[in-house]
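This one's a predicted model, so the numbers in the text were calculated from it and none came from an experiment.
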Amino acid sequence: DDANPSRMDPSEIEDLEHTLGMLAACRNFAGEMAMNELTTRIHTDVQTFLDHTTTSILDSLRNAPDVDRGLKIAQIEAALRFSAKVFGPSYAQLLQKAADVAILSSKAPQR
């Protein structure tokens with residue numbers, strides 16, 4: 001819904017999640033596909049970008065005003081899905097715990 005800034009386009013999230021899955025598959029079979037260096041470099045760049053972006057979203061969620069909370073929660077949920085594809089489910093579970101803490105701390109009354 002374009003009128004609701006707290007929502008993200010689910011089809012875009014699914015497309016990106018699928019693309020990240022393809023990147024992971026390419027990385028796993030890079031030797032057989034003669035794409036070693038390129039695939040490794042792209043995967044490393046995606047990991048770095050996702051790690052920095054997720055950290056930034058978590059930080060901004062902790063301090064988000066009520067009007068921005070919905071969008072920040074949607075962003076972190078998408079980042080968790082992407083992290084599961086890029087880093088694996090164990091890492092994504094750790095991020096989920098950090099997200100839960102950030103969400104709870106953003107609900108706490110500000111002093």
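- Hydrophobic clustering (side-chain heavy atoms under 4.5 Å, transitive across Ile, Leu, Val, Met, Phe, Trp, Tyr) keeps Met22 apart from Phe82.
- Counting all heavy atoms, side chain and backbone alike, Ser83 lies closest to Ala92 at C-CB, 4.3 Å.
- Remark: the backbone N or O of Ala102 is paired with a side-chain donor or acceptor of Ser105 at under 3.5 angstrom.
- The backbone N or O of His52 sits nowhere less than 3.5 Å from a side-chain atom of Ser56 that would complete a donor-acceptor pair.
- For the atom pair Arg69 CZ and Ile103 CD1, the distance stands at 7.0 Å (nearest 0.5 Å).
- Side-chain N/O atoms of Asp100 and Gln96 include a donor and acceptor closer than 3.5 Å.
- Contact between Ile13 and Met8 at its shortest, heavy atoms only, is CD1-CB, 3.8 Å.
- Considering only residues two or more places apart in sequence or on other chains, Phe49 meets the ring-ring contact (aromatic ring centres under 6.0 Å, His included) condition with none of them.
- Shortest non-hydrogen contact noted between Gly21 and Lys85 is CA-CD, 4.1 Å.
- Leu94 and Leu58 are not part of a single hydrophobic cluster, where members link through side-chain heavy atoms under 4.5 Å apart.
- Between the CG atom of Leu61 and the CG atom of Leu104 there is a distance of 10.0 Å, given to the nearest 0.5 Å.
- For Thr54 (side chain) and Asp51 (main-chain N/O), no donor-acceptor pair under 3.5 Å exists by modelled atom type.
- Across every non-hydrogen atom of Ala99 and Ile76, the tightest pair is CB-CG1, 3.9 Å.
- A distance of 11.0 Å separates CG of Asp45 from NE2 of His43, quoted to the nearest 0.5 Å.
- The residue from Asp68, Ile57, Leu80 that alone fulfils the side chain to side chain contact (heavy atoms under 4.5 Å, CB included) condition with Gln75 is Ile57.
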